[in-house]
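Fair warning: this is a prediction, and the values are worked out from it, not measured in the lab.
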Amino acid sequence: MSGQPKTRPKVPEGKSRFLTTRQKEPNEKGFVGYDTIWESFQKEVKYTTPKRP
């Protein structure tokens, strides 16, 4: 496979509504991984006991 670069091109950070994807640094074998970061889309509300009749 001649003519192909030895390193991967730098990919810009991907953003969507609840997800962010970042490219990791290549390891010693040249594998390039990706980080996926989820932002929570559910709101957590502290539980309160209902009023007694």
Side-chain angles (χ1 to χ4, degrees):
M1 291 190 218
S2 62
Q4 290 189 353
K6 293 281 184 189
T7 60
R8 299 272 305 192
K10 184 69 177 162
V11 177
E13 187 175 281
K15 287 189 176 185
S16 66
R17 188 171 176 191
F18 299 111
L19 180 70
T20 304
T21 306
R22 288 191 207 127
Q23 185 178 11
K24 293 182 182 179
E25 294 298 318
N27 64 7
E28 63 277 351
K29 293 183 180 179
F31 176 76
V32 177
Y34 296 90
D35 283 327
T36 53
I37 300 143
W38 284 96
E39 296 177 28
S40 63
F41 50 89
Q42 293 179 332
K43 292 186 171 76
E44 211 171 293
V45 179
K46 186 178 176 187
Y47 177 77
T48 57
T49 55
K51 294 193 307 187
R52 294 197 163 248

Notebook entry, point to check: Hydrophobic clusters join Ile, Leu, Val, Met, Phe, Trp and Tyr when side-chain heavy atoms are under 4.5 Å apart, directly or via other members; which others share one with Val45?
Noted result: none
Next item on the list: Heavy atoms only: give me the nearest Arg17-Glu39 pair and the separation to one decimal.
Entry: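 In this case the closest contact between Arg17 and Glu39 is O-OE1, 4.2 Å.
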Next item on the list: Taking all non-hydrogen atoms of both residues into account, name the closest pair between Lys15 and Thr20 and its distance.
Entry: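 Nearest pair, atom of Lys15 first, then Thr20: CG-CG2, 4.2 Å.
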Next item on the list: Indicate, with yes or no, if Ile37 and Tyr34 share a hydrophobic cluster defined by side-chain heavy-atom contacts under 4.5 Å among Ile, Leu, Val, Met, Phe, Trp and Tyr.
Entry: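 In one cluster: no.
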Check: Quick one: CD on Gln23 to CG on Asp35, what's the gap to the nearest 0.5 Å?
Finding: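 That separation rounds to 10.5 Å.
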Item checked: From Lys10 atom NZ to Glu25 atom CD, the distance as rounded to the nearest 0.5 Å -> 5.5 Å
Next item on the list: For atom CZ of Phe18, decide whether the heavy atoms of other residues, nucleotides or ligands shown that lie under 6.0 angstrom number more than 12.
Entry: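 Result for CZ/Phe18: enclosed.
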